[in-house]
Amino acid sequence: MPRGWPGDASGAEFPAPPFLSLPREDCRAAPLLPPRLSRGSPHPTGQALGTRGTRRDRGRGAARCRWGRPADTSPAPALQVMLLGDSGVGKTCFLLQFRDGAFLSGTFIATVGIDFRNKVVAVDGVKVKLQIWDTAGQERFRSVTHAYYRDAQALLLLYDITSKMSFDNIRAWLTEIHEYAQKDVVIMLLGNKADVSSERAVRTEDGASLAREYGVPFMETSAKTGMNVELAFLAIAK
Ligand SMILES: Nc1nc2c(ncn2[C@@H]2O[C@H](COP(=O)(O)OP(=O)(O)OP(=O)(O)O)[C@@H](O)[C@H]2O)c(=O)[nH]1
């Protein structure tokens, strides 16, 4: 049990994230691959780096799923954001709704490894480039995503309001974040699929209460209708 987390008897408090003081770095200076992974070397899953395709070919010219980091040629300061949460909570749809304003319904195909998209937003008149990493929620890709945690400056942690299990797993996700991410990483908890109120399995107040317990901001969202999607990204970019 990490110190300061709920259940920890040491009495230390889990620090609330420094919401308004995000470190910004020009990601052109960042290494293309995490130190533990190098292009051409075998991946933990047995896959060579940079060779894997994404689960979806959306045909927008964006980069596909890759194990390495994207090259960045934009002069805007970059903020690296990771989407985390169980498989099927809607991370990919959330990202695509934000970037393209579209919702992809239909057959669910799980993300393989990590995918990324960029979007430039204006925050108080300043352009900020969000480099958003969409991670695979499936357990078998966990070792892949761990390698990326430390470079993330902000994390959007999603559960599905129609899935009690995805909500119950949030504690495990937060423990993992505490273990692998930077200490000052900004975290926001999101209850996604708020449009499906007839199948709701997690009350809004339970989401808010869990977020309070961990000292992180919270909101419910819908990748389908777009509710609070942009707001969530803008809040972490501030
Ligand atoms: N009604 C509704 N359905 C959603 C919403 N977001 C995602 N879905 C559906 O939920 C399913 C899973 O969505 P994904 O975005 O692929 O889930 P994911 O979290 O990326 O899953 P992994 O890639 O396995 O980690 C898809 O069938 C989506 O159409 C939402 O806000 N509302």
Side-chain angles (χ1 to χ4, degrees), residues 43-45 47 52-60 62-67 81-119 130-149 152 154-170 172-174 176-177 180-181 187-204 207 218-233 235-236:
H43 194 267
T45 60
Q47 188 83 31
R52 198 76 188 243
T54 188
R55 64 181 186 150
R56 290 172 176 140
D57 183 354
R58 300 251 153 82
R60 296 245 179 182
R64 304 286 179 250
C65 173
R66 48 186 73 183
W67 303 114
V81 183
M82 263 180 109
L83 298 176
L84 296 172
D86 279 8
S87 179
V89 298
K91 298 180 295 296
T92 300
C93 290
F94 192 82
L95 172 52
L96 294 175
Q97 175 62 254
F98 174 61
R99 218 202 68 152
D100 303 331
F103 175 68
L104 293 145
S105 53
T107 318
F108 164 46
I109 307 166
T111 301
V112 171
I114 292 213
D115 197 0
F116 74 90
R117 309 277 160 143
N118 292 328
K119 180 161 174 166
L130 300 183
Q131 191 175 84
I132 308 155
W133 297 84
D134 175 21
T135 64
Q138 289 180 9
E139 184 80 40
R140 65 198 170 110
F141 296 115
R142 225 38 77 73
S143 59
V144 178
T145 50
H146 287 166
Y148 291 82
Y149 273 61
L155 303 173
L156 291 177
L157 178 57
L158 282 76
Y159 65 87
D160 171 354
I161 65 136
T162 70
S163 161
K164 179 73 164 51
M165 184 183 284
S166 73
F167 179 68
D168 291 342
N169 285 338
I170 288 295
W173 279 105
L174 285 163
E176 203 160 279
I177 288 166
Y180 293 99
I187 304 166
M188 180 178 256
L189 180 65
L190 303 176
N192 192 40
K193 304 195 189 178
D195 57 285
V196 203
S197 51
S198 57
E199 291 169 41
R200 179 182 282 276
V202 184
R203 297 181 312 163
T204 306
F218 164 76
M219 61 175 80
E220 288 194 343
T221 60
S222 169
K224 184 172 185 176
T225 66
M227 178 187 125
N228 286 343
V229 172
E230 186 159 317
L231 194 63
F233 280 104
I236 55 164

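Values below: every heavy atom of this structure, side chains too, minus hydrogens, waters and symmetry copies. Each ligand, and each atom within it, is numbered from 1 in the order the structure gives.
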Within a distance under 4.0 Å of any heavy atom of [X], pick out the atoms of ligand 1 and give their elements.
| X | answer |
| --- | --- |
| D195 | 1 (N), 2 (C), 30 (C), 31 (O), 32 (N) |
| G106 | 27 (O) |
| D86 | 19 (O) |
| V196 | 1 (N) |
| N192 | 5 (C), 6 (N), 31 (O) |
| T92 | 15 (O), 20 (O) |
| G137 | 22 (P), 25 (O) |
| F103 | 3 (N), 4 (C), 5 (C), 6 (N), 7 (C), 8 (N), 29 (O) |

Main-chain N/O of S163 paired to S166 side chain as donor or acceptor, under 3.5 Å |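 Judged by distance alone, yes, a pair lies under 3.5 Å.
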Show the nearest heavy-atom pair for residues [X] and [Y], with the distance to one decimal.
| X | Y | result |
| --- | --- | --- |
| Q138 | R140 | OE1-NE, 2.7 Å |
| W173 | G137 | CZ2-O, 4.2 Å |
| E220 | I161 | OE2-CG2, 3.9 Å |
| F94 | A232 | CZ-CB, 4.0 Å |
| M188 | A235 | CE-CB, 3.7 Å |

Side-chain contact test, heavy atoms from C-beta onward, threshold under 4.5 Å: evaluate it for T145 versus W133 and give yes or no.
-> no
Flag [X] as yes when one of its N or O atoms lies below 3.5 Å from any N or O atom of ligand 1, and as no otherwise.
| X | answer |
| --- | --- |
| G85 | no |
| G90 | yes |
| A194 | no |
| A223 | yes |
| S105 | no |
| Q138 | no |

Out of K224, K193, K91, Q97, the nearest non-hydrogen contact to atom 9 (C) of ligand 1 is supplied by K193
Polar side chain donor-acceptor pair, T92 to D134, under 3.5 angstrom =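 The answer is yes; a qualifying pair exists.
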Could you point out which residue of T221, L190, N192 forms a side chain to side chain contact (heavy atoms under 4.5 Å, CB included) with N228?
->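 The side chain to side chain contact (heavy atoms under 4.5 Å, CB included) with N228 is passed solely by T221 among T221, L190, N192.
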Establish, yes or no, whether the cationic atom of K119 lies under 6.0 Å from the six-membered ring centre of F233 and within 45° of the ring axis.
->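 Pair K119/F233 does not count as cation-pi.
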Contact with ligand 1 for L158, non-hydrogen, under 4.0 angstrom | no
